[in-house]
Every structure is written in C-alpha cells, then in structure tokens.
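No experiment lies behind these values; they were computed from the predicted model shown. Each chain gets a letter, A, B and so on, in the order its sequence line appears, and its residues count up from 1. Side chains included, hydrogens not; waters and symmetry mates left out as well; all remaining heavy atoms used.
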There are 2 protein chains.
Amino acid sequence: MNDQQIMDLFHEKGLKITTQRRLISKYILSRTDHPTAEQVYSALEKEYPAISLATVYKTLNLLYKLGIIQELGFGEGPVRYDPNTAVHINMVCTKCGSIIDYRAKDVETWWNELIEKLDAQPVGQRIDIYYLCEKCKKK
Amino acid sequence: MNDQQIMDLFHEKGLKITTQRRLISKYILSRTDHPTAEQVYSALEKEYPAISLATVYKTLNLLYKLGIIQELGFGEGPVRYDPNTAVHINMVCTKCGSIIDYRAKDVETWWNELIEKLDAQPVGQRIDIYYLCEKCKKK
DNA sequence: ACTTAATTAATAATCATTCTCAATTAGGAA
DNA sequence: TTCCTAATTGAGAATGATTATTAATTAAGT
C-alpha cells in the first residue's frame, strides 16, 4: 500500500485528507526500522515545524485501526510502528531495541496452514524473535 | 517450573527468598489468564494486606529477567504476564483483551525448524494471533 | 466564496511503571 | 541463638508514554 492508496481509503471512509495525515502516512510507509511516535514527530518537524506530537499519535493510531500498520508494544519503552502487515517475523534485539523484519515464503505458507486449523478467523498476528543483533553481540 | 524450583533458583543466584517473592511467584504460576501486575497485587492483597504494588512489579520483572515468565506488552493497556515460556500462540481477543494459550505440537516442531535456519540464536519468542473470542463474537 | 463538522496544536491530565529512601528482614557468621 | 549487613520492602513521589481537552484552523461539500 502506498500513500496515495491510503488517501483514497481516507476519502472512502469520509476522513479528511490533511497535510499532516499525508506526511505521517508517507513517512511511516517509508521506514523499515519500526520508529516510535516521537521519532516520527522529530523527523517530520524539520519539514513541517507546526506539526504536533498529539497529531502524530492520533494519525498512527488511525492507520493502525484501519489495518494499514502494525503496533508493536513491549514491556518497556514506547510503542513501535511497523508498516509491514504481511505475515513476517520481527527480529528484536534485546539489547539495543533494533527491529528488523524477517520475511520468508515458508513462514507465510506455514502460517496459512496453521490458521486453517483454527476455528477462529484472525484479524492480525505478531511474531517476534528476541535475540542479540550482530552489533550488540560483538560488544 | 514450580514455585519451589523458583525459590531454589533464587537461592542459587544469591537472591533472598521473601514471603512476597514466594507469594507472587506461586500466584503467577497458577494463572493461565495472563494477569496484569495490578491484578496480581489485588489478588495477593487479600491474604497479605501489607504487600506493595512496587514489589509486585519488581518481582514480576525479576521473574521475567530470569526467564521464568513472559512479558506481553501491547499498544494500549498494561503489560500482561504469562508463566508459559514454551513456544505457543497467544490468542488475544481484540475486544475484551482476554488471552488464552494455544499450544500444539506442530507449532513447536515448525518453530524449531525455523530457528535452525537462522544464524541468530533466539533468547525468546512471542507469537500472537488477534481475533474475536467466542463471547465477544456473539455480541 | 460560504458553511460546518472534522481536525489540529498546545498543553493539561491520565495511566502504567519506575525510582527514592527510610525501615525492615533474610540469612550467613559468630 | 543472636548479631550484622546487605538486600528487600512499602509508601509515595517522579517519570515517561499516551490520551483528553478545547479553542482555533481547515478540508471539502454546497
């Protein structure tokens, strides 16, 4: 999903298309590093100084509710946002907190087999692996 | 792992065995409903009124650091604690927040195959499926 | 251009969790 | 058993993340 498609979806749902929503949507879609709301805010502040942190939170929440992005909450620290909603594995470094997506065909295949066995129909999923990333392992 | 084994581990690590730690450990091990720290506190307050919420937080954190329990943070609401550290799926109702563990032999088998393919060695994992539980689906 | 409801910025309020520190206690040593 | 000391605890203050409030602004249909 690209940012234009998101704007179309907003329109379809009767939601207003604002500069802020456009910028936030575009920005989060462009990231693979799972930023926090604060980080999205800091990045956008440079080109759009009037933007407010509350708007960033509200918009990310809206994107989440619309199923466009994933929310990753942890025991500690702020929520991380992931534009990848396909079945994949979040490789989470327990030391530095970096998160990279691991996506493999067989993960998706297995997942589809699994959910077929359930009587429930999932509305989403989350798969995390906690490990030490290369950088942190060296130290 | 039972609570006596946890006490043995505490001893081994040079950690003091207190009434609070005993009660909190025993309680969380007995639950399958993934309670919050607040809920653990409320339950234990009845038989041990002097217990403090800070101690509950600290002890649950300690158990987590020792790898005895799992911490499940979400985008909203408090952290939930899960004494089941085996590979399993957390079935999370997106409406009422109930969490039940889904454990199947093939989940573990597949998981072991998967992590063999990674060059990283995981220190833990988390698998969630978001869905509507039976009760909430009826409404 | 006009209207109006939705959205925004700014900041106060809230919620969950951690921190601080004086008092208490576990558990090893005498 | 009693003593000693460092670890732990309870109580509440402090912090950090997020949400709520509200007056001002703005998107977008008429």
B:His11 side chain N/O closer than 4.0 Å to the phosphate oxygens (OP1, OP2) of D:dA7? no

Given 3.5 Å as the limit, does a donor-acceptor pair link the side chain of B:Asp101 with the main chain of B:Arg103, or not? no

Starting at atom CG of B:Leu15, determine the distance to atom P of C:dG27, rounded to an integer number of angstrom. 10 Å

Rounded to whole angstrom units, what separation is found between the CZ atom of B:Phe10 and the P atom of C:dT25? 19 Å

Side chain of B:Arg21 - closest among D:dT9, D:dG10, C:dT8: D:dT9

Is the shortest side-chain N/O distance from A:Ser52 to OP1 or OP2 of C:dT11 below 4.0 Å? no

Does C:dT17 have OP1 or OP2 sitting under 4.0 Å from an N or O in the side chain of B:Asn61? no

Nearest-neighbour nucleotide for the A:Thr55 side chain, D:dT18, D:dG10, C:dA9 considered: C:dA9

Counting side-chain heavy atoms from CB outward, which of C:dA10, D:dA17, C:dT17 is closest to A:Ala54? C:dA10

Interatomic distance where CG belongs to B:Leu60 and C1' belongs to D:dT9 [whole Å]: 15 Å

B:Thr59 or A:Thr36: which one's nearest nucleotide on DNA chain D is closer to the 5' end? B:Thr59

Going by an N to O cut-off under 4.0 Å, is there a salt bridge joining A:Arg80 and A:Asp82? no

I need the CZ-P distance between A:Arg80 and D:dT18, as an integer number of Å. 11 Å

Need one value for B:Glu76: base, sugar-phosphate or nothing, where a base atom within 4.0 Å counts as base even if backbone is also close, heavy atoms only. nothing

Closest to the side chain of B:Lys16, out of C:dT25, D:dA28, C:dT8, is C:dT25

When the ring planes of A:Trp110 and B:Trp110 are compared, do they come out parallel, tilted or perpendicular, using 30° and 60° as the limits? parallel

Between A:Arg22 (CZ) and D:dA28 (C1'), how many Å, whole number? 13 Å

Between P of D:dA14 and OH of B:Tyr57, the distance in whole Å: 19 Å

Reading DNA chain D from 5' onward, which residue's closest nucleotide shows up sooner: A:Lys58 or A:Leu53? A:Leu53

Under a 4.0 Å threshold between the charged nitrogen and the carboxylate oxygen, would A:Asp106 count as salt-bridged to B:Lys117? yes

For atom CD1 of B:Ile51 and atom C1' of D:dG12, their distance in whole Å: 17 Å

B:His88 (side chain) donor-acceptor with B:Ala86 (main chain) under 3.5 angstrom: yes

Taking only side-chain N and O atoms of B:Thr18, does any of them lie within less than 4.0 angstrom of OP1 or OP2 on D:dA7? no

Check DNA chain D against residues 37-50 of chain A and give the residues with a non-hydrogen atom under 4.0 Å, in numerical order. none

So, does B:Gln20 get its side chain near the phosphate of C:dT25, meaning an N or O under 4.0 Å from OP1 or OP2? no

Tell me the interatomic distance from A:Tyr64, atom OH, to D:dT18, atom C1', rounded to whole angstroms. 15 Å

Would you compute the distance between atom OG of A:Ser25 and atom CD1 of A:Ile6 and round it to the nearest 0.5 angstrom? 4.5 Å

Cation-aromatic face contact A:Arg21/A:Phe10, 6.0 Å, 45 degrees: yes

Out of D:dT9, D:dT19, C:dA26, whichever nucleotide has its closest atom nearest the side chain of B:Thr19: C:dA26

Distance-only, no hydrogens or angles: does the A:Gln5 side chain make a donor-acceptor pair with backbone N or O of A:Asn2 under 3.5 Å? yes

